[in-house]
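Please read the structure below before turning to the comments.
For the numbers below, each heavy atom of this structure counts, side chains included, while hydrogens, waters and symmetry mates do not. In listed order, ligands and their atoms are each counted from 1. Residue indices begin at 1 and follow the sequence shown.
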Amino acid sequence: MNNSTGTVPANSYIQKWVKDIAAMCQPDKVFWCDGSEAEREQLTQIAVEGGDLMPLNHNKLPGSYLHRSALNDVARTENLTFVCTDRQEDAGPNNNWMAPAESYDRLAKIFTGAMRGRTMYVIPFLMGPQGSAFSKVGIQLTDSVYVVLNMRIMTRMGKIALDHLGNSDDFTRCLHSKADLDMERRFICHYPQDNTIWSVGSGYGGNALLAKKCLALRIASKLGQKEGWLAEHMLIVGVESPDGEIHYICGAFPSACGKTNLAMLVPPESMKGWKIHTVGDDISWLRVGSDGRLWAINPEAGFFGVAPGTSFKTNPNAMQSVQKDTIFTNVALKSDGTVWWEGHDDPVPANAIDWRGKAWDSKSGHPAAHPNARFTVSLKQCPTYSPEWEKPEGVPISAILFGARRNKLVPLVYQSFGWQHGTFLGATLASETTAAATGAVGVVRRDPMAMLPFCGYNMGDYWSHWLSMAKRATHPPKIFRVNWFQRNDQGKFIWPGFGENLRVLRWVIERSKGAGEAEETAIGYVPKAPSLNGDGLNISKSDLHQLITVDRESWKANLKSQGEYFDKFGDHLPGGIKEEHKALAERLKA
Ligand code: OXD
Ligand code: MN
């Protein structure tokens, strides 16, 4: 190819595809990435010269940079995200849908000539450990050097991916252009039948780092259905008890509900000898092992974490992770060339440059950092990083948590009666919305398995797939629902959360081993207070009681809204979910 930099891979499928896309997008140059250190330096320099990255104070934050996005491009745009299948019902009521031909046609018009005057980067990336049966390869083409540098942190990028792929055609074709960043011409389209993603008009993480939500969840969930595994919006954490036994737990929570915090929590003073091992904070791929258990890998290689609210008090391990080699997006810049956000340990700066690049002081009346400001950093920089992340077979999962933000109704923790009931607990997950997606914040929306924005096919079929796993997983993990977010009548959070969540994990592990005290209620097994209590928990008896009480009348009222939601899935709603809904109603009546 004329005017290209780097080594063209031998794989003829890649060569042909890149040639076709270049003919459409018409970049000035093609840059073939190899993932090397020298290349990182070169790309960083390009990004700094082009204004995509600003160097921070390298004495205080070595190797770290600030990126400011366009003002209209600060979160995932779910309303502009589509699953393009031949039949609309295969995308389901949970997805926006466009017919593939129409969508390719509309987007091709926007992509045509979109990279004129720009460089098109070719990014091969591997999702999952090298040599693992779990792993998948993608190739992303993009005109954003910021995207390349983020993908370099978030994935295993370059030669390692090409080596894994060899001469095969089996890779996800990911095309991305910022184009003109116009919301009217922004589309994030998925073509599961072609193993293809086209994203145009946004440079924001979840819209533009196509490895993450687009491939590792939307495309992968569909591949999982076809191939018999699960792609989930779940953290993976290893919990080691004082006697040295490690149990791995997966946890699904909607965006910005504390997955990153939970994945790297610090045990409280009162739980000496307990240790945490971080395998992942956002995405799990789960398969049935030959032992009948579920095994999980984290396909990613970094954290794309929410900065506001992160501090040495709330998440010391995240803070330690971002002391070097970090890309900060839409945080505030202090006069000493370091960064700040709402909830940071440093005092509110007298003045700063806000995320928009404007002078800011505490009287400005708006946050200095965008509420969805982010840090991108390698997993390996986390003090609790677990080398099990590299294991091709993954880690065996003892328990799955489904969590969400609910002021009232949902107890701190309860266990399902079995796999089918656990699937029902996931299917009925609902949460108050956050700033991670555009739209109103704080309204309750149903978010089954925390996958509503990320399930790449009909959610009813996805629940069937979940139910079918029980046939092959003879020793499946136990399933729990958790809620750290109950408030009292004064509007205050009742549960201290953060490190104290380990008390809940301790009970979860005991229950997974067939031990632990619980009370059987209409909604599931709820812990007895002493299982959570003990040294150092500064919480009144009545508050503790509220945390683990099942309010039958409120649950009865909730049944109707569950039923209305399920009705949307028509014939695709599996019998097992209907059965559980009916059984819950009967238990509540009894
Ligand atoms: C994320 C999200 O960035 O869920 O992980 O929005
Ligand atoms: Mn997420």
Side-chain angles (χ1 to χ4, degrees), residues 67 69 73-81 94 127 146-147 150-151 153-155 188 190 199 202-221 230-237 250-264 278-285 296 298-310 315 318 321-322 326-331 341 369-379 382 401-405 426 429 431-441 445 447-456:
H67 170 79
S69 74
D73 193 24
V74 293
R76 287 182 287 100
T77 38
E78 291 173 10
N79 56 325
L80 305 175
T81 301
N94 48 300
M127 302 304 283
Y146 164 79
V147 164
N150 274 275
M151 288 284 287
I153 297 173
M154 294 305 298
T155 70
I188 298 97
H190 304 73
S199 164
S202 168
Y204 171 76
N207 293 335
L209 310 178
L210 301 186
K212 194 173 183 56
K213 303 304 187 179
C214 300
L215 191 164
L217 289 176
R218 296 194 194 96
I219 293 289
S221 60
L230 295 167
E232 298 299 326
H233 192 204
M234 289 180 181
L235 65 92
I236 310 170
V237 66
C250 278
F253 295 74
S255 309
C257 284
K259 281 203 301 302
T260 305
N261 290 357
L262 187 62
M264 50 185 83
T278 308
V279 182
D281 81 325
D282 197 43
I283 298 176
S284 303
W285 287 357
N298 167 16
E300 299 191 286
F303 306 119
F304 182 62
V306 178
T310 306
N315 191 341
S321 307
V322 301
T326 302
I327 299 174
F328 294 96
T329 299
N330 290 342
V331 298
W341 48 78
H370 189 276
N372 192 35
R374 298 276 177 152
F375 53 80
T376 317
V377 71
S378 163
L379 196 83
C382 184
L401 313 180
F402 289 115
R405 261 174 212 275
L429 200 66
S431 191
E432 286 128 26
T433 52
T434 68
T438 52
V441 169
R445 82 164 175 180
D447 191 351
M449 279 80 171
M451 281 287 278
L452 181 65
F454 307 122
C455 178

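- When the side-chain hydrogen bond (donor to acceptor under 3.5 Å, both in side chains) test is applied to Ser199, no partner is found at least two apart in sequence or on another chain.
- Taking every non-hydrogen atom of Arg76 and a distance limit under 4.0 Å, the qualifying atoms of ligand 1 come out as 2 (C), 4 (O), 6 (O).
- The side-chain hydrogen bond (donor to acceptor under 3.5 Å, both in side chains) check on Asn94 picks up nothing, with sequence neighbours excluded.
- With sequence neighbours excluded, the residues forming a side-chain hydrogen bond (donor to acceptor under 3.5 Å, both in side chains) with Thr260 are Asp281, listed by chain and number.
- Counted by atom type alone, Arg76 and Ser255 present one or more donor-acceptor pairs between their side chains at under 3.5 Å.
- Taking all atoms of both residues into account, the shortest heavy-atom contact from Thr278 to Ala263 is OG1-O, 2.6 Å.
- Under 3.5 Å, the side chains of Thr310 and Asn315 contain no donor-acceptor pair of N or O atoms.
- Checking Asn150 against Thr376 by side-chain atom types alone, a donor-acceptor pair falls below 3.5 Å.
- The atoms of ligand 1 that sit less than 4.0 Å from any heavy atom of Asp282 are 5 (O).
- Checked against a 3.5 angstrom limit, the closest N/O atoms of Arg374 and ligand 1 fall inside it.
- Minimum heavy-atom separation, Gly205 to Phe304: CA-CZ, 3.6 Å.
- When every heavy atom of Cys382 is checked against every heavy atom of Ser321, the shortest pair comes out as CA-OG, 3.2 Å.
- Here the closest non-hydrogen pair linking Ser284 and Met234 is OG-O, 2.9 Å.
- The shortest N or O to N or O distance between Lys212 and ligand 1 is not under 3.5 Å.
- For ligand 1, the atoms closer than 4.0 angstrom to any heavy atom of Ser255 are 2 (C), 4 (O), 6 (O).
- Ligand-side atoms of ligand 1 in range of Lys213: 1 (C), 2 (C), 3 (O), 4 (O), 5 (O), range being under 4.0 angstrom from any heavy atom.
- Take the Mn ion (ligand 2) and draw a sphere of radius 2.8 Å; the protein N/O/S atoms inside it number 3.
- In this structure, Lys259 does not count as a contact residue of ligand 1, since none of its heavy atoms falls inside 4.0 Å of the ligand.
- Distances below 4.0 Å separate heavy atoms of His233 from the following atoms of ligand 1: 4 (O).
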